[in-house]
Visitor: 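This is the structure I want to talk about, given as structure tokens.
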Amino acid sequence: MTSTLQVPTIEIQGANPRRDSPRTRPRTFSLSSLVGKTRRAYSVSSAYPPKIHPALALPVPKSSGDHSLSVRDHVFGDVWTDPRQSLCSPASNLTPAQRRNSVAAASRRYEDFEQKMEAAPLFVLVSTYLNYLVLILFGHLRDILGKVFKRKKYAHLRTNEGYAPLVSDFDSFYTRRMYLRIRDCWNRPITGVPTRKTMILERKTTDFNETFSLTGRKIEAINFASYNYLGFAQNTGPCADAVQDAVREYGISTANSRLEAGTSDLHVQLERKTAQFVGKEDAIIVSMGFATNSTTIPALVNKGCLIISDELNHSSIVFGARLSGASIRVFKHNNMVDLRELLREVISQGQPRTHRPWKKIMIIVEGLYSMEGSIVNLPELIRLKREFKFYLYIDEAHSIGALGENGGGVCDFYGISPKHVDLLMGTFTKSFGAAGGYIAGDKTVIDHLRVRNHAFCYAETMSIPITQQVLTSLSIIRGEEGTNDGRDRIQKLADNSRYFSAKLRALGFIVYGDEGSPVIPLLLFNPAKISAFSREALKRGIALCVVGYPATPIISSRARFCVSSSHTREDLDDALEKISEIGDILMLKFKETSS
Amino acid sequence: MADDPNHVINATLGSVYKLILAIPGSNIALTYIKTAYQHDPFRIVLELFLVFFALKYMLSKKYKPHDNAVKLTEKEVDDLVEEWQPEPLVPTLSSFDKFNLKNSQQINGPQSVKPKVADHSKPLMNLATTNYLNLVSSEQIRTKAIETLKNYGVGSCGPPGFYGTIDVHMDLEHDIAQFLGTEQAIIYAQGFSTISSVIPAFSKRGDLLVVDEGVNFAVQKGVQISRSNVRWFKHNDMDDLERVLEDIRTEDHRKRLTRRFIVTEGLFANQGDIAPLDKLLDLKKKFKYRLILDESQSIGVLGSRGAGLTDLFNVPATSVDMIVGSMANALCASGGFCAGNEEVVDHQRLAGSAYCFSASIPAMLAVSASQAISIILNQPSLLAELNDRARSFRVVLANKSLEPLVDIHVGDIESPSPFFHIRAKLSFLRSRLRDYETEFSREDEEQLLQDVVDECAYQGVLTTRAKYVYDQERACPRPSIKIHVTIGLSKKENDKAAGIIKAAIIKSFNKWKK
């Protein structure tokens with residue numbers, strides 16, 4: 001069966017991984033290195049997930065808290081490699097140290113990031129900054145003049161009858177002077193199922209984006225905006241049928257929190273099934289993805305503990321970390337060298353001021369970063385974990401279902417046993433076409449969370465239709481229905497993602513994201529191009545997300561494509577053609593096309 | 001001597017000068033500098049001072065946040081890393097945790113007024129859920145939800161900003177705003193996360209929150225994460241609130257005006273009592289505060305239309321700046337909302353982190369909430385019926401035989417609250433202390449209440465103790481059994497259930513520690 005699942009490797013000139021040598025990333029920037037940038041020593045190119053080379057298989061600890069493994073033996077004893085390196089290339093002859101370096105050097109660093117920006121065509125850089133400068137100058141000028149001449153319109157920015165302004169003019173400057181101008185690119189209302197096509201309700205504005213009204217016209221667009229990775233956003237089919245039956249029988253809600261008589265047998269069933277799927281002993285489910293992080297992290301760490309967080313972690317993780325009262329340190333995005341240095345520093349220095357040892361250290365990373373399309377360097381993290389004895393919490397909001405041969409997330413993707421990760425968190429919003437999230441871990445940990453997790457104790461339970469949708473989609477993904485539907489979806493997604501990003505690169509766009517990532521960001525740079533790209537795309541019937549500062553660094557505004565298994569090849573080709581057209585208009589093809 | 005140092009310097013300066021002159025246009029610059037200095041000796045002093053200042057600044061010690069670091073050698077760092085042993089990820093479960101885990105009921109099959117509960121053969125009469133108006137069994141809601149499923153699927157697959165705003169969301173926002181009588185409303189995907197996202201969206205570091213001590217956990221967390229200055233006032237004590245506000249007024253006499261908010265709950269989840277909205281509004285106006293009101297418990301049950309506290313007090317909803325509510329409690333759907341004027345709502349679309357960074361609520365649930373609101377609007381008799389049930393329930397429990405044993409919060413027969421807490425009387429607990437005990441523990445008390453819950457279940461009534469994340473509550477409320485009345489039970493069943501609870505309390509309390 002596995003042989004039928006081989007993904008055709010897409011050969012794109014200049015975009016192919018070089019597996020023959022451990023590449024250290026060139027320090028000086030060139031466009032070709034930017035394109036090759038995402039090829040990391042551990043990135044996986046054709047058939048995934050990598051099969052673990054028998055010689056490399058790790059002894060599985062009994063529980064993730066088990067640190068009895070001798071650190072020294074294992075750190076250098078066995079080494080995680082890209083298995084295809086060891087199977088089909090001479091790279092396996094490298095010494096462990098070399099290989100580790102190659103992994104480290106290939107992962108993205110902030111310095112690399114900055115270099116890249118500096119060396120991106122100079123006129124782009126200059127014009128981007130100029131763009132912002134003009135916007136800021138004009139904004140302030142308008143503010144100053146407005147406050148003098150249009151006192152009524154600017155009343156909300158002044159102290160009013162003894163009330164301080166609800167939003168101060170400094171805080172809201174960005175919103176009023178930049179976001180407002182291009183606000184039509186966000187919060188576009190839709191109707192119907194957000195599947196391969198989505199139906200957008202056209203809006204118009206008569207007051208420069210202050211307010212919108214619906215025109216009543218509907219625009220059908222190819223959907224690259226929804227996180228519908230495995231195409232489970234459906235209104236027909238087995239999931240919809242099962243949900244319908246469940247609603248008929250169970251209703252909608254269980255009308256209280258999990259601990260106070262709101263637990264339904266469906267919840268228990270889903271928890272068991274989720275735990276099996278991700279390969280942990282037990283799991284709990286929470287009715288909202290955001291809350292899964294924000295209410296779990298405070299239940300795990302508190303004062304005297306340290307959270308080490310990737311700089312690009314999602315807002316919900318930041319929210320939870322702040323609530324927990326633990327100290328927080330941040331490391332450069334996916335940069336294991338920086339993390340290693342940080343770990344040595346924090347462990348040797350202990351808590352700030354008192355220098356007492358940390359009670360525990362928890363590293364929180366995401367499996368797949370939704371704005372970058374980068375995949376966490378898990379093998380290196382696991383190695384660090386054994387050296388430094390921290391706890392590892394992975395947020396698989398985007399990667400669960402979307403990565404790995406079985407859709408099992410990053411562990412599945414790398415072929416690493418989930419036992420090495422202490423807590424696997426994920427959401428059901430994306431690949432499962434539902435809502436909410438889960439946290440999976442050892443039985444003792446999950447039992448602890450059952451009485452300490454805020455959402456479990458106080459919040460509403462996952463509603464019945466959502467629970468049923470996840471139950472059914474999960475069994476389809478696992479192939480329990482006896483069909484190949486799940487496998488096909490995973491395969492299709494992998495094909496589509498690879499095809500689409502490779503084609504975009506070949507067209508000459510600057511594209512981020514690791515191979516295999518269904519999230520594909522395309523760099524726009526200039527703030528003016530954010531709206532232009534989005535509007536041009538909508539004109540041509542493409543729905544996509546555009547993001548700028550503050551969600552991204554100020555210089556690297558981007559458009560983001562979320563590929564789905566529901567997209568057909570024709571959809572992708574059609575979209576590519578139109579995007580190419582937009583790219584010509586907006587001068588986004590920074591790289592010479594390689595044809 | 002030929003290499004007289006003066007000579008050398010002069011020669012070097014001369015050649016440098018020539019070099020500079022060789023640059024085209026340098027002549028003009030030099031002349032400009034020369035004349036500028038000749039005319040303005042003060043300028044020389046100033047510029048020299050600036051040069052010194054810049055040098056001093058550059059040479060001064062840099063401020064680093066972690067600069068009390070101890071200098072360690074590589075070897076020492078290695079050793080320290082080797083040596084460090086973390087605590088286990090979670091502590092072993094305490095006996096109390098195990099007790100709580102064991103004693104949370106599981107419903108097999110649909111939630112309803114008479115659900116099947118695991119380990120019980122017969123269905124139990126349900127007094128443990130917020131199904132006040134029996135909306136969980138509403139056929140109308142189910143039919144509408146299924147209709148929605150056929151048009152929209154289940155998940156919304158994206159945050160509201162990224163094509164996750166569905167037309168039914170806009171309808172629901174409109175419905176809520178109209179139901180309450182505010183300008184606009186914004187919906188969040190989970191009731192619990194709403195208030196803890198709304199508070200930090202408006203109140204930042206340096207702003208001021210004046211908060212009731214009795215607020216629920218979600219509000220506490222919102223207050224905590226906002227990092228604002230916080231002042232607490234005694235639960236529902238308007239005199240104390242006035243005192244606090246007066247204190248603040250004298251304190252920040254000359255300070256810059258910051259945003260100031262009073263934060264309180266409409267119907268308190270932990271006490272079952274109601275905030276005196278009229279007095280709150282007076283104080284808020286007098287001292288110029290904005291009011292954030294958490295109506296999670298009160299929406300759909302209080303007031304003649306069920307529109308919450310403002311409805312009950314008959315004041316326009318626009319007089320409260322932010323009304324935060326939940327659609328998961330009385331409305332039996334899911335999600336939360338914040339209603340207010342256009343500015344309040346619009347600001348949250350970018351600043352409400354749980355709105356902005358989370359997938360929007362599934363269409364089916366939004367439609368269910370819309371339906372629930374329309375049911376309440378169209379059948380005001382439901383609310384009257386609920387009031388009636390609550391009243392007769394309280395009448396039964398106001399029995400003399402319970403007086404020495406328990407307190408009812410709120411036990412006032414006229415209280416419009418559809419739920420109340422039963423707490424053991426302190427005098428009773430003290431009277432049952434064994435000789436060697438000086439104080440009773442929380443565990444003892446919970447155990448006693450669990451006995452009552454078990455006895456009730458045995459007699460055919462499902463109740464539950466109120467559960468808390470004990471160690472994270474600001475001041476954890478005393479243990480209680482939380483009773484929710486429902487119109488799903490007929491008048492007769494309602495009275496019967498009340499009788500069973502009364503009997504169970506008497507039985508368990510009398511047996512306890514004897």
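Since the model is a prediction, treat every value here as computed from it, not as a measurement. The chains referred to below are lettered A, B, ... by the order of the sequence lines, with proteins before strands, and numbering in each begins at 1.
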Visitor: Please look at B/H169 and chain A and tell me whether the side chain, the backbone, both or neither of the residue comes under 4.5 angstrom of a heavy atom of that chain.
Guide: neither

Visitor: Taking all non-hydrogen atoms of both residues, which atom of B/T130 and which atom of B/A328 are closest, and how far apart?
Guide: OG1-O, 3.9 Å

Visitor: Looking at A/W186 and A/V546, would you say the former's side chain and the latter's main chain have a donor-acceptor pair under 3.5 Å?
Guide: yes

Visitor: Measure distances from A/N223 to the heavy atoms of chain B and classify the residue's part below 4.5 Å as side chain, backbone, both or neither.
Guide: neither

Visitor: Partners of A/N235 by side-chain hydrogen bond (donor to acceptor under 3.5 Å, both in side chains), sequence neighbours excluded?
Guide: none

Visitor: With a 4.5 angstrom heavy-atom cut-off, which part of B/A269 approaches chain A: side chain, backbone, both or neither?
Guide: neither

Visitor: Which bit of B/S137 is near chain A, if near means a heavy-atom gap under 4.5 Å: side chain, backbone, both or neither?
Guide: neither

Visitor: Is A/L214 close to chain B through its backbone or its side chain, or both, or neither, when contacts mean heavy atoms under 4.5 Å?
Guide: side chain

Visitor: Between B/A333 and chain A, with a heavy-atom cut-off of 4.5 Å, which part of the residue counts as in contact: side chain, backbone, both or neither?
Guide: backbone

Visitor: Could you tell me which portion of A/I200 (side chain, backbone, both or neither) has an atom closer than 4.5 angstrom to a non-hydrogen atom of chain B?
Guide: side chain

Visitor: When only pairs under 4.5 Å are counted, which of B/Q105, B/Q190, B/R260, B/Q111 shares the most heavy-atom pairs with chain A?
Guide: B/Q190

Visitor: Is A/V301 in contact with chain B via its backbone, its side chain, both, or neither, using a 4.5 Å heavy-atom distance?
Guide: neither

Visitor: Can you tell me which portion of A/Q469 sits under 4.5 Å from chain B's heavy atoms? Options are side chain, backbone, both or neither.
Guide: side chain

Visitor: Measuring heavy-atom distances to chain A, does B/I166 have an atom under 4.5 Å in its side chain, in its backbone, in both, or in neither?
Guide: both

Visitor: Quick check on the interface: out of B/G161, B/P91, B/A118, who has the most heavy-atom pairs with chain A under 4.5 Å?
Guide: B/G161

Visitor: I need the residue from A/T263, A/N256, A/I252 with the largest number of non-hydrogen atom pairs under 4.5 Å to chain B.
Guide: A/T263

Visitor: Quick check on B/E76 against chain A: is it the side chain, the backbone, both or neither that has a heavy atom closer than 4.5 Å?
Guide: neither

Visitor: How about A/Y163 and B/Y289: are their ring centres within less than 6.0 Å of each other?
Guide: no

Visitor: Examine distances only and state if a side-chain atom of B/S197 and a backbone atom of B/S193 form a donor-acceptor pair shorter than 3.5 Å.
Guide: no

Visitor: Side chain from CB out, backbone as N, CA, C, O: work out which of these in A/V547 comes under 4.5 Å of a heavy atom of chain B, or both, or neither.
Guide: side chain

Visitor: Heavy-atom cut-off 4.5 Å, strictly under: side chain, backbone, both or neither for B/D346 against chain A?
Guide: side chain

Visitor: Do B/F357 and A/F319 have ring centroids that are under 6.0 Å from one another?
Guide: no

Visitor: Between B/L80, B/L257, B/N216, B/T464, which has the largest tally of heavy atom pairs under 4.5 Å with chain A?
Guide: B/L257

Visitor: Identify whether the distance between the nearest side-chain nitrogen and carboxylate oxygen of A/E341 and A/R344 falls below 4.0 Å.
Guide: no

Visitor: Which atoms of A/P165 are under 4.5 Å from chain B, going by heavy atoms: the side chain, the backbone, both sets, or neither?
Guide: backbone

Visitor: For A/S172, which atoms come within 4.5 Å of any heavy atom of chain B: side chain, backbone, both, or neither?
Guide: neither

Visitor: Closest approach of A/P194 and B/Y152, non-hydrogen atoms and distance?
Guide: CD-O, 4.1 Å

Visitor: Sort out for me which of A/R560, A/R450, A/R188 touches chain B most, counting heavy-atom pairs under 4.5 Å.
Guide: A/R188

Visitor: Mind ranking A/R353, A/M199, A/M362 by heavy-atom pairs under 4.5 Å with chain B and telling me who comes out on top?
Guide: A/R353

Visitor: Please flag which part of B/Q371 lies under 4.5 Å from any non-hydrogen atom of chain A: side chain, backbone, both or neither.
Guide: neither

Visitor: Using non-hydrogen atoms only, which part of A/R248 is less than 4.5 Å away from chain B: side chain, backbone, both, or neither?
Guide: both

Visitor: Between B/N108 and B/K116 (side chain of the first, backbone of the second, donor and acceptor by atom type, cut-off under 3.5 Å), is there such a pair?
Guide: no

Visitor: What part of B/T165 gets within 4.5 angstrom of chain A, counting heavy atoms only: side chain, backbone, both, or neither?
Guide: both

Visitor: Where does the angle between the aromatic ring planes of B/F217 and A/H454 fall among parallel (under 30°), tilted (30 to 60°) and perpendicular (over 60°)?
Guide: perpendicular

Visitor: With sequence neighbours excluded, what pairs up with A/H267 under the side chain to side chain contact (heavy atoms under 4.5 Å, CB included) test?
Guide: A/T254, A/R258, A/S264, A/I285, A/T461, A/M462, A/T467

Visitor: Report the C-alpha separation of A/L166 and B/F202 in whole Å, then their side-chain angles, then the decisive distance to 0.1 Å, and conclude whether the side-chain contact (heavy atoms from CB on, under 4.5 Å) test is met.
Guide: CA-CA 7 Å; A/L166 193 56; B/F202 294 103; 3.7 Å; yes

Visitor: Counting only heavy atoms not in B/K288 (residues, nucleotides, ligands), do more than 12 fall under 6.0 Å from its NZ?
Guide: yes

Visitor: Answer with side chain, backbone, both or neither: which region of A/S463 has an atom nearer than 4.5 Å to a non-hydrogen atom of chain B?
Guide: side chain

Visitor: Between A/V318 and chain B, which part of the residue has a heavy atom less than 4.5 Å away: side chain, backbone, both or neither?
Guide: neither

Visitor: Under 4.5 Å from any heavy atom of chain B, what part of A/Y179 do you find: side chain, backbone, both or neither?
Guide: side chain

Visitor: What heavy-atom pair brings B/V136 and B/R142 nearest, and what distance separates the two atoms?
Guide: O-NH2, 3.1 Å

Visitor: Let me know if A/T195 has heavy atoms under 4.5 Å from chain B in its side chain, its backbone, both or neither.
Guide: neither

Visitor: Between B/D167 (side chain) and A/T191 (backbone), is there a donor-acceptor pair under 3.5 Å?
Guide: no

Visitor: Please flag which part of A/L259 lies under 4.5 Å from any non-hydrogen atom of chain B: side chain, backbone, both or neither.
Guide: both

Visitor: B/R465 versus chain A, heavy atoms under 4.5 Å apart: side chain, backbone, both or neither?
Guide: backbone

Visitor: Please determine, among A/A233, A/S257, A/P465, A/G289, the option with the most heavy-atom pairs under 4.5 Å with chain B.
Guide: A/P465

Visitor: Can a donor-acceptor pair be found, under 3.5 Å and without considering hydrogens, that links the side chain of B/W84 to the backbone of B/D79?
Guide: no

Visitor: If we define contacts as heavy-atom pairs under 4.5 Å, which of B/G153, B/S94, B/P115 has the most with chain A?
Guide: B/G153

Visitor: Quick one: what part of B/L72 sits under 4.5 Å from any heavy atom of chain A, side chain, backbone, both or neither?
Guide: side chain

Visitor: In terms of heavy-atom pairs under 4.5 Å, which option from A/Q234, A/H355, A/K430, A/H156 contacts chain B the most?
Guide: A/H355

Visitor: Of the backbone (N, CA, C, O) and the side chain (C-beta and beyond), which part of B/M322 lies under 4.5 Å from a heavy atom of chain A, both, or neither?
Guide: side chain

Visitor: Can a donor-acceptor pair be found, under 3.5 Å and without considering hydrogens, that links the side chain of B/N341 to the backbone of B/V344?
Guide: yes

Visitor: Looking at chain B, which one of A/L300, A/I361, A/L266 has the largest number of heavy-atom pairs inside 4.5 Å, strictly under?
Guide: A/I361

Visitor: Do other residues, nucleotides or ligands put more than 12 heavy atoms under 6.0 Å from the NZ atom of B/K144?
Guide: no

Visitor: Can you tell me which portion of B/N329 sits under 4.5 Å from chain A's heavy atoms? Options are side chain, backbone, both or neither.
Guide: neither

Visitor: Are the side chain of A/S564 and the backbone N or O of A/N228 linked by a donor-acceptor pair below 3.5 Å?
Guide: yes

Visitor: With a 4.5 angstrom heavy-atom cut-off, which part of B/F96 approaches chain A: side chain, backbone, both or neither?
Guide: neither

Visitor: Decide, yes or no, whether a salt bridge links B/D207 with B/R227 under the criterion of side-chain N to carboxylate O below 4.0 Å.
Guide: no

Visitor: Among B/F162, B/F261, B/Y468, who wins on heavy-atom pairs under 4.5 Å with chain A?
Guide: B/F162

Visitor: Counting distance only, does the side-chain N/O of A/R329 pair as donor-acceptor with the main-chain N or O of A/L306 below 3.5 Å?
Guide: no

Visitor: Ion pair present between B/D471 and A/R452, side-chain N to carboxylate O less than 4.0 angstrom?
Guide: yes

